[in-house]
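The basis for the numbers below is simple: all heavy atoms, side chains too, and nothing from hydrogens, waters or symmetry mates.
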Amino acid sequence: MRVEIWSDIACPWCYIGKARFEKGLAEFAHRDEVEVVHRSFELDPGRPKGDTEPVIDMLAQKYGRTREEAVSMEANVAANAHAEGLGYRTEGRDHGNTFDIHRLLHLAKARGRQDELLTLAYRANFAEERSVFDDEVLVRLAVEAGLDAAEARAVLADPEAYADDVRADEREASELGAGAVPFFVLDRRYGISGGQPSEVFVKALEQAWKDRPATALTAIGADGAACDADGACEVPQA
């Protein structure tokens, strides 16, 4: 069975959702027969490369909040991340265009290291003092994931390298009706939206495995917290 996950490095619920999905997958009896493929989805595709701003400033402007309110919003998301055992910095992070990261993730997919790079990129963006909008940081992450530094630099230097792959993923997300991420598709039969609790993923995997002859894409469970195509991320109340 194949599970495809549309996500963006800039999306905190994708970071949290990945951890929750992996916990659910670990409890699934047929986990060794599941192929996980990560797909591209940009939350801020119109932002030029190199144009970054502090996450707190971005949140305050997007939601029309004060800086103190934006800090509180981040603290609520951080609490959810910490509950999953994830590191999360509420301040000092940047927001920017993620197209180059997605292109590099497609290189990693071609080399069989996609999950490794995605995990490292999430950790760098949300938990560490490393900006994923810096090409040299991305190269170092690629090397940590097992990729060749020269090949990673070549991809970043060529704006068309793997660009079609990113755009194809995004077109497919639109065709499947994914307006927010994370978005999980199980065997092209079942769809799950948002960073659901791990038990939802366990039930979804079991249902998808049991009902494999099904053909239509069916939504499972209520929508979970997610980041939409305009970059807005749901923030639970404390």
Do any N or O atoms from the side chain of [X] and from the backbone of [Y] form a donor-acceptor pair under 3.5 angstrom?
X: Arg31; Y: Ala26; result: yes
X: Glu116; Y: Gly146; result: no
X: Arg113; Y: Ala145; result: yes
X: Arg89; Y: Glu128; result: yes
X: Arg103; Y: Val155; result: yes
X: Thr98; Y: Ile101; result: no
X: Trp6; Y: Val181; result: no

Got a second to check how far [X]'s [atom1] is from [Y]'s [atom2], nearest 0.5 Å?
X: Asp44; Y: Cys11; atom1: CG; atom2: SG; value: 13.0 Å
X: Phe21; Y: Ile5; atom1: CZ; atom2: CD1; value: 4.5 Å
X: Ser198; Y: Lys203; atom1: OG; atom2: NZ; value: 10.5 Å
X: Asn97; Y: Asp51; atom1: CG; atom2: CG; value: 9.0 Å
X: His95; Y: Leu43; atom1: NE2; atom2: CG; value: 7.0 Å
X: Phe201; Y: Gln196; atom1: CZ; atom2: CD; value: 6.0 Å

Non-hydrogen atoms of [X] and [Y] that approach each other most closely:
X: Pro182; Y: Gly195; answer: CG-N, 3.7 Å
X: Asn125; Y: Ala10; answer: ND2-CA, 4.1 Å
X: Ala121; Y: Leu141; answer: CA-CD1, 4.1 Å
X: Ala19; Y: Glu84; answer: CB-CB, 4.3 Å
X: Ala110; Y: Tyr162; answer: CB-OH, 4.0 Å
X: Trp13; Y: Arg20; answer: CZ3-NH1, 4.1 Å

ILVMFWY network linking [X] to [Y], side-chain heavy atoms under 4.5 angstrom:
X: Val166; Y: Leu104; value: no
X: Leu147; Y: Val139; value: yes
X: Leu120; Y: Phe133; value: yes
X: Val202; Y: Leu186; value: no
X: Tyr88; Y: Val71; value: no

Run the salt-bridge test on [X] and [Y] with the 4.0 Å N-O cut-off and return the result as yes or no.
X: Asp57; Y: Arg67; result: yes
X: Arg212; Y: Glu33; result: no
X: Asp135; Y: Lys49; result: yes
X: Asp211; Y: Arg189; result: no
X: Arg153; Y: Glu136; result: yes

*For Tyr122, ring pair (Phe, Tyr, Trp, His ring centres under 6.0 Å) partners two or more places apart*: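 By the ring pair (Phe, Tyr, Trp, His ring centres under 6.0 Å) rule, Tyr122 matches Tyr15.
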_Looking only at side-chain N and O atoms, does His102 offer a donor or acceptor that is under 3.5 Å from a partner on Asp8?_
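Yes.
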_Checking Ser40 against His106: is there a side-chain donor and acceptor pair closer than 3.5 Å?_
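Looking only at side-chain atoms, Ser40 and His106 do form a donor-acceptor pair, the distance falling under 3.5 Å.
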_Is it the case that over 12 heavy atoms from other parts of the model lie below 6.0 angstrom from the CD atom of Gln61?_
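Counting neighbours around CD of Gln61, 12 or fewer heavy atoms of other residues, nucleotides or ligands fall under 6.0 Å, so no.
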Is any side-chain heavy atom of [X] closer than 4.5 Å to a side-chain heavy atom of [Y]?
X: Leu25; Y: Val34; result: yes
X: Val132; Y: Leu138; result: yes
X: Glu91; Y: Glu74; result: no
X: His38; Y: Leu105; result: no
X: Glu27; Y: Leu205; result: no

*Mind checking whether Trp209 and His30 have parallel, tilted or perpendicular rings, split at 30° and 60°?*
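Answer is parallel, since the angle falls under 30°.
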*Report the C-alpha distance between Thr90 and Val55 in whole Å, list the side-chain angles of each, state the deciding distance to 0.1 Å, and finish with yes or no for side chain to side chain contact (heavy atoms under 4.5 Å, CB included).*
CA-CA 9 Å; Thr90 56; Val55 168; over 6 Å; no
*For the pair Glu175 and Arg39, evaluate salt bridge (Lys or Arg N to Asp or Glu O under 4.0 Å) and give the outcome as yes or no after the intermediate values.*
CA-CA 14 Å; Glu175 291 166 3; Arg39 303 286 191 191; over 6 Å; no
_Derivation of the side chain to side chain contact (heavy atoms under 4.5 Å, CB included) call for Asp115 and Val36_ = CA-CA 9 Å; Asp115 188 71; Val36 179; 5.6 Å; no
*Please assess Lys109 against Glu4 for the test salt bridge (Lys or Arg N to Asp or Glu O under 4.0 Å), listing each intermediate value before the final yes or no.*
CA-CA 13 Å; Lys109 178 184 175 184; Glu4 297 164 277; over 6 Å; no
*Would you say the ring centroid of Phe183 lies under 6.0 angstrom from that of Phe41?*
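No, ring centres 6.0 Å or more apart.
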*Quick one: does NZ or CZ of Arg47 land under 6.0 Å from the six-membered ring centre of Phe99, within 45 degrees of the ring axis?*
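Ring-cation test returns no.
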*Could you tell me which residues satisfy salt bridge (charged side-chain N to carboxylate O under 4.0 Å, His left out) with Glu22, sequence neighbours excluded, listed by chain and number?*
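Testing Glu22 for salt bridge (charged side-chain N to carboxylate O under 4.0 Å, His left out), a comparison that skips the adjacent residues, returns Lys18.
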